[in-house]
Amino acid sequence: MAQGLAFLRRRLAGDYEVDEFGFDPDLTDAVVHPLVRLLYRDWFRTEVSGIEHVPAEGAGLVVGNHSGTVALDALILSTALHDRHPARRYLRLLGADLVFRMPVVSEIARKTGGTVACNPDAERLLGNGELVGVFPEGFKGVGKLYADRYKLQRFGRGGFVSAALRTGTPIVPVAIVGGEEIYPMLADIKPLARLLKLPYFPVTPTFPWLGPLGMVPLPSKWLIEFCPPIPTAHLRDAADDPLVVFNLADQVRETIQQTLHKLLERRPDPFGP
């Protein structure tokens with residue numbers, strides 16, 4: 001109660017800061033992280049390993065696999081990293097254009113540190129010494145069928161690699177197991193998706209059959225592992241070399257894929273303790 005009243009006083013008095021991207025740490029700490037914490041800690045029983053591979057200070061590019069029909073993995077990753085990292089670092093997420101065209105969602109994304117997934121914004125954040133999070137699979141990863149779970153999709157054109165190279169930022173691959181089971185996509189109704197101007201329209205075991213109740217995620221067991229960072233400072237002059245960019249993107253992708261296989265062996269039961 002006291003913390004809630006203190007938060008309201010700060011908001012009414014304007015005693016909080018917002019950066020040039022719209023990031024509001026006060027709102028994130030007081031409202032968003034506590035809500036997401038209930039999901040990642042209590043509902044998904046998330047285990048985090050390898051947090052020592054995330055830089056204690058300075059820039060870092062955290063690259064993860066995307067899944068789950070609804071991209072809860074981005075919020076879970078951001079909150080879990082902040083909670084488990086000794087320096088309580090914030091992860092500045094890069095999101096698709098669609099995220100920032102949606103009412104309410106766009107405001108929440110901005111307030112929690114997100115920005116559009118474009119190289120200029122990524123390079124500005126990295127140049128400021130921030131931790132930046134990116135999911136190169138995009139909607140191809142989030143919207144894949146359950147039959148294709150934990151099979152990484154194509155990593156686009158490797159723009160995230162170019163941003164890391166230009167700023168000499170280490171790349172930290174991260175593998176996330178658990179997101180595929182929260183809304184298992186059995187089918188994609190493409191005509192309806194086109195009508196609604198969405199990248200896909202999912203059919204899951206609970207949606208749309210149960211209406212709003214179908215939006216409750218299934219309580220899968222989550223494992224998140226941060227892999228050793230891949231240095232890029234020695235390759236700054238090769239930021240525009242397609243071969244270097246492709247090879248580095250492929251290295252990151254393969255690291256995540258192999259780590260996913262290892263984590264799946266550790267978690268034979270998707271809904272176990």
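Below, all heavy atoms of this structure are taken into account, side chains as well, without hydrogens, waters or symmetry copies. Computed from a predicted model, the values in this text were never measured in an experiment.
With sequence neighbours excluded, the residues that form a salt bridge (Lys or Arg N to Asp or Glu O under 4.0 Å) with D19 are R92. Applying the salt bridge (Lys or Arg N to Asp or Glu O under 4.0 Å) criterion to D42, with sequence neighbours excluded, gives no partner residue.
Annotation: side chain of F135 is in contact with side chain of L77 (closest heavy-atom distance under 4.5 Å). Contact annotation: the side chain of V174 approaches that of I224 to within less than 4.5 Å [non-hydrogen atoms, C-beta and beyond]. A 4.5 Å side-chain heavy-atom check between I256 and C227 finds every atom pair outside the cut-off. No side-chain heavy atom of P25 sits under 4.5 Å from any side-chain heavy atom of E17. R149 has its side chain out of reach of P184: every pair of non-hydrogen atoms, C-beta onward, lies at least 4.5 Å apart. In this structure, the side chains of I189 and V203 come closer than 4.5 Å at one or more pairs of heavy atoms.
The CD atom of Q258 lies 4.5 Å from the CD atom of E254; values are rounded to the nearest 0.5 Å. With rounding to the nearest 0.5 angstrom, the OG atom of S67 is 14.5 Å from the NZ atom of K151. The distance from atom CG of L98 to atom NZ of K197, rounded to the nearest 0.5 Å, is 11.5 Å. Between the CZ atom of R37 and the CD1 atom of I76 there is a distance of 11.0 Å, given to the nearest 0.5 Å. Taking OG1 from T69 and CE from M215, the interatomic distance works out to 9.5 Å, rounded to the nearest 0.5 Å. Atoms CZ and OG, from R166 and S162 in turn, are 5.0 Å apart once rounded to the nearest 0.5 Å.
The backbone N or O of E107 sits nowhere less than 3.5 Å from a side-chain atom of R110 that would complete a donor-acceptor pair. A distance-only check finds a donor-acceptor pair linking the side chain of W209 to the backbone of T204 [under 3.5 Å]. A donor-acceptor pair is defined here as one N or O able to donate and one able to accept, closer than 3.5 Å; no such pair exists between the side chain of E130 and the backbone of L125. A donor-acceptor pair is defined here as one N or O able to donate and one able to accept, closer than 3.5 Å; such a pair exists between the side chain of T112 and the backbone of A109. Remark: the backbone N or O of F44 is not paired with any side-chain donor or acceptor of S220 at under 3.5 angstrom. Under a 3.5 Å cut-off, the side chain of T232 and the backbone N or O of T169 do form a donor-acceptor pair. In this structure a side-chain-to-backbone donor-acceptor pair under 3.5 Å is missing from H66 to D73. Looking only at distances, a side-chain donor or acceptor of K221 sits under 3.5 Å from a matching main-chain atom of R45. Judged by distance alone, with hydrogens and angles left aside, the side-chain atoms of R253 form a donor-acceptor pair with the main-chain N or O of Q153 at under 3.5 Å. For the pair Y200 (side chain) and K140 (backbone), a donor-acceptor distance under 3.5 Å is absent.
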Test side chain to side chain contact (heavy atoms under 4.5 Å, CB included) on L248 and L165 and set out the steps.
CA-CA 10 Å; L248 192 51; L165 292 176; 4.0 Å; yes
Assess whether side chain to side chain contact (heavy atoms under 4.5 Å, CB included) is satisfied between F23 and T115, documenting all intermediate values.
CA-CA 9 Å; F23 177 41; T115 190; over 6 Å; no
Walk me through whether F226 and V62 qualify under side chain to side chain contact (heavy atoms under 4.5 Å, CB included).
CA-CA 9 Å; F226 295 92; V62 178; 4.1 Å; yes
Go through W222 and I176 one step at a time and tell me if the side chain to side chain contact (heavy atoms under 4.5 Å, CB included) criterion holds.
CA-CA 7 Å; W222 283 48; I176 305 170; 3.8 Å; yes
With salt bridge (Lys or Arg N to Asp or Glu O under 4.0 Å) as the criterion, how do K262 and E225 come out once you've worked through the C-alpha distance, each side chain's angles and the decisive distance to 0.1 Å?
CA-CA 10 Å; K262 182 180 69 174; E225 181 168 334; 2.9 Å; yes
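No continuous path of ILVMFWY side-chain contacts below 4.5 Å connects I51 to L223, so the two sit in separate hydrophobic clusters. No path of Ile, Leu, Val, Met, Phe, Trp and Tyr side chains, each step under 4.5 Å between heavy atoms, connects V36 with V31, placing them in separate hydrophobic clusters. One hydrophobic cluster holds both M102 and V116 under the rule that ILVMFWY side chains link at heavy-atom gaps under 4.5 Å. Linking Ile, Leu, Val, Met, Phe, Trp and Tyr residues whenever their side-chain heavy atoms come within less than 4.5 Å leaves Y146 and L218 in two separate clusters. Residues Y183 and M185 are members of separate hydrophobic clusters, defined by side-chain heavy-atom contacts under 4.5 angstrom among Ile, Leu, Val, Met, Phe, Trp and Tyr.
Here the shortest heavy-atom pairing between E137 and N65 reads OE1-CA, 3.3 Å. Heavy-atom minimum distance, T167 versus G127: CG2-N, 4.4 Å. Taking both residues in full, the closest heavy atoms of P173 and I230 are given as CG-CD1, 4.0 Å, listed atom of the first, atom of the second, then distance. Between Y40 and T46 the shortest heavy-atom distance is O-OG1, 2.6 Å. Shown here for G159 and N119, the closest heavy-atom pair between the two residues is O-OD1, 3.2 Å. Between P229 and V172, the shortest heavy-atom distance links the atoms CB-CG2, 4.0 Å.
Membership of the apolar cluster around I108 extends to V104, as traced through chained side-chain contacts below 4.5 Å between ILVMFWY residues.
Partner of R267 under the salt bridge (charged side-chain N to carboxylate O under 4.0 Å, His left out) criterion, out of E180, E47, E181: E181 alone.
Using cut-offs of 30° and 60° on the angle between ring planes, the pair Y90 and H33 is parallel.
Residue F246 qualifies as open at atom CZ: its count of foreign heavy atoms under 6.0 Å is 12 or below.
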